[in-house]
Amino acid sequence: MQVVAPETVGISAERLNKINDKLQEYVDCGKVAGFVTLVARESEVAHFETCGYRDAENKLPMERDTIFRIYSMTKPITSIALMQLYERGKFHLSQPVSRFIPAFGKTKVLSGVGFLGQQLAPQNPAMTIHHLLTHTAGLSYGFFLDSPIDELYRNSIFRSETATLEEKITGMAELPLRFQPGSAWNYSIATDVCGYLVQLLADMPFEEYLEENIFRPLGMADTAFHVSEHDIERFAKLYQHLPQTGGFREYKGAANIPFHDYTQRASAPSGGGGLVSTTADYWRFANMLLNDGEAGDARIIGRKTLEFMTRNHIKKDLLPLAIGPKPMPGRGFGLGFDVVLDAAQTGVLNSDGNYGWSGAAATNFWVDPQEQLVGIIMTQLMDNMLFFQQDFRALTYQALVD
């Protein structure tokens, strides 16, 4: 990948170098193993740098082609895939999910907890595909402890390493919803359901659909649901932040996010968090978004479809959004992306209309249509309590001079 002189796209090289200086501090202090960062403007890459290690114990350095677990940065890709099928007339956003996955027609909603246990009510309104894409479906993840529904998720078929995608999704339909569809926002397995919908509507395995309709046209050769044997050497080790010491250790799994072996083919490819990728591959996807759904001769998604997806779809009375106890002021949510509604309220340099998303191991990307800017930061740190994502974003924006 060619990297241009930053000044040719209105970025100060001297100011842009502050990114590496700051991120190297995190590495030198033993807080993070390493990073790969990319900044592009007007579809030209002006910064593509590495620091630290992909394997700290063995002193294997981060490389530009290091492979990362991108976890929930899978969600925008799955959402684009589903909306491709929308463009082909395969469904309407207002249609009930149960039209395509009948098991969800029987799903009840938690209405309270009494002396006899959970009190359940029928869905009203019925869960729609729009609810899935916006995380307002009433589904959950099992990450937190504020609802008895999450305990059910932690002991559900969704955690199975052997169940098929169909078995997982239809099995999850047997669990109650946290709330009536459309009445709240809750980050959830909804995008995994979207992945299964892609499989049903396209009448082909989900992973094959992504390969044929997104990865191959964009040249994303290193993006998949597992790491092949000959690429293991490039696969970054997964670490966990230790808040007591500020350091890190190798991640072995936890109750909220069990450890998954990405060297094995997934029995149920996760549309919500199952992909691995490289910084360059994800840049190809993000640059397609920046270019209104087009990449070279390939049209991945329609311009108006993408414009619709990257607008806020969340009603004002459901804002501000929060993932567990962590609020996201100034942000709304579209169809698969968070959307900056008020840059000042986000607490970091931003533009209104930015969109993007993060992954559980502290990967993050954003697209800024106003500034024709893309930023990507890759690392592998679970339970992150540090501020390097905010640092990266601020140091990217302060480098803009034109």
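Keep in mind that the numbers below use all heavy atoms, side chains included, and drop hydrogens, waters and symmetry copies. Bear in mind that the values here come from a model prediction, so they are computed numbers and not experimental data.
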Mind checking the [atom1]-[atom2] spacing from [X] to [Y]? Nearest 0.5 Å is all I need.
| X | Y | atom1 | atom2 | result |
| --- | --- | --- | --- | --- |
| Thr162 | Ile157 | OG1 | CD1 | 8.0 Å |
| Leu373 | Glu42 | CG | CD | 10.0 Å |
| Gln389 | Thr363 | CD | OG1 | 7.5 Å |
| Phe68 | Thr379 | CZ | OG1 | 6.5 Å |
| Lys22 | Cys51 | NZ | SG | 12.0 Å |
| Glu250 | Lys237 | CD | NZ | 4.5 Å |

Between [Y] and [X], does any NZ, NE, NH1 or NH2 come within less than 4.0 Å of an OD or OE carboxylate oxygen?
| X | Y | value |
| --- | --- | --- |
| Arg331 | Asp342 | no |
| Glu371 | Arg41 | yes |
| Arg216 | Glu208 | no |

Hey, what's the ring geometry for [X] with [Y], parallel, tilted or perpendicular (30° and 60° as the breaks)?
| X | Y | answer |
| --- | --- | --- |
| Phe225 | Phe206 | tilted |
| Phe35 | Tyr26 | perpendicular |
| Tyr187 | His135 | tilted |

Heavy-atom pair with the smallest gap, counting every atom of [X] and [Y]:
| X | Y | answer |
| --- | --- | --- |
| Thr128 | Leu93 | CB-O, 3.6 Å |
| Pro369 | Gly353 | CD-O, 3.8 Å |
| Leu218 | Ala295 | CD2-CB, 3.4 Å |
| Thr66 | Thr278 | O-CG2, 3.5 Å |
| Thr8 | Ala5 | OG1-O, 2.6 Å |
| Pro329 | Pro320 | CA-CB, 4.4 Å |

Is there a side-chain contact between [X] and [Y] in this structure, where contact means two heavy atoms from C-beta onward sitting under 4.5 Å apart?
| X | Y | value |
| --- | --- | --- |
| Tyr209 | Gln84 | yes |
| Ile257 | Met382 | yes |
| Lys108 | Leu177 | no |
| Phe179 | Leu110 | no |
| Ile314 | Leu319 | yes |
| Leu335 | Ser79 | no |
| Glu14 | Leu16 | no |
| Cys194 | Leu133 | yes |

Practice task
Can you sort out the partners of Arg159 under salt bridge (charged side-chain N to carboxylate O under 4.0 Å, His left out), two or more places apart, ordered by chain and number?
Solution key: none
Handout entry: Listed partners of Arg178 passing salt bridge (charged side-chain N to carboxylate O under 4.0 Å, His left out), at least two apart
Key = Asp146, Asp150
Are the aromatic rings of [X] and [Y] close, with centres under 6.0 Å apart?
| X | Y | answer |
| --- | --- | --- |
| Phe308 | His313 | yes |
| Tyr86 | Phe91 | yes |
| Phe365 | Trp357 | no |

Exercise for the section: Kindly indicate, with the supporting measurements, whether the criterion side chain to side chain donor-acceptor pair (under 3.5 Å) is fulfilled by His47 and Thr37. Expected result: CA-CA 7 Å; His47 164 101; Thr37 50; 2.7 Å; yes
Practice task
Take Leu289 and Leu306 through the side chain to side chain contact (heavy atoms under 4.5 Å, CB included) test and state the conclusion after the steps.
Solution key: CA-CA 8 Å; Leu289 300 175; Leu306 184 60; 3.8 Å; yes
Side-chain donor-acceptor pair present, [X], [Y], cut-off under 3.5 Å:
| X | Y | value |
| --- | --- | --- |
| Lys75 | Thr78 | no |
| His260 | Glu161 | yes |
| Gln372 | Asp368 | no |
| Asp261 | Thr263 | yes |
| Gln24 | Asn20 | no |

Problem - Result of checking Tyr397, Phe387, Trp366 against Phe392 for ring-ring contact (aromatic ring centres under 6.0 Å, His included) - result: Trp366
Exercise for the section: Look at the side chain of Gln345 and the backbone N and O of Val340, then say whether any donor-acceptor pair between them is shorter than 3.5 Å. Expected result: no
Practice task
State whether the side chain of Tyr239 and the backbone N or O of Ala56 hold a donor-acceptor pair below 3.5 Å, judged by distance alone.
Solution key: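 Yes; at least one donor-acceptor contact below 3.5 Å.
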Practice task
Check whether NZ of the Lys or CZ of the Arg Lys252 lies under 6.0 Å from the centre of the six-membered ring of Phe259 and within 45 degrees of that ring's axis.
Solution key: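 So Lys252 doesn't make the cation-pi contact.
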Exercise for the section: Please lay out, stage by stage, how Lys18 and Asp21 fare under the test salt bridge (Lys or Arg N to Asp or Glu O under 4.0 Å). Expected result: CA-CA 5 Å; Lys18 295 178 182 180; Asp21 293 342; over 6 Å; no
Exercise for the section: Could you name each residue pair satisfying salt bridge (Lys or Arg N to Asp or Glu O under 4.0 Å) that touches residues 262-285, not counting sequence neighbours? Expected result: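 Output for this query lists Asp281-Arg284.
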Practice task
Could you walk me through whether Phe158 and Asp192 pass side chain to side chain contact (heavy atoms under 4.5 Å, CB included), step by step?
Solution key: CA-CA 10 Å; Phe158 190 72; Asp192 288 271; 3.7 Å; yes
Handout entry: Positive for side chain to side chain contact (heavy atoms under 4.5 Å, CB included) with Met127, one of Ile101, Leu132, Val109
Key =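 The passing option is Leu132.
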Practice task
Applying side chain to side chain contact (heavy atoms under 4.5 Å, CB included), run through Arg393 and Thr396 and close with a yes or a no.
Solution key: CA-CA 5 Å; Arg393 192 174 296 228; Thr396 296; 5.7 Å; no
Practice task
Could you give me the CA-CA distance, side-chain angles and deciding distance for Ser277 and Asp222, then say whether side chain to side chain donor-acceptor pair (under 3.5 Å) is met?
Solution key: CA-CA 6 Å; Ser277 190; Asp222 289 321; over 6 Å; no
Exercise for the section: Determine, stepwise, if the pair Gln240 / Asp383 fulfils side chain to side chain donor-acceptor pair (under 3.5 Å). Expected result: CA-CA 6 Å; Gln240 178 179 19; Asp383 303 322; 2.9 Å; yes
Practice task
May I have the step-by-step check of side chain to side chain contact (heavy atoms under 4.5 Å, CB included) for Leu386 and Lys31, ending in yes or no?
Solution key: CA-CA 9 Å; Leu386 303 172; Lys31 294 180 178 180; 3.9 Å; yes
Practice task
Might you work through the side chain to side chain donor-acceptor pair (under 3.5 Å) test for Asn58 and Asp55, ending with a clear yes or no?
Solution key: CA-CA 6 Å; Asn58 293 302; Asp55 180 337; 2.9 Å; yes
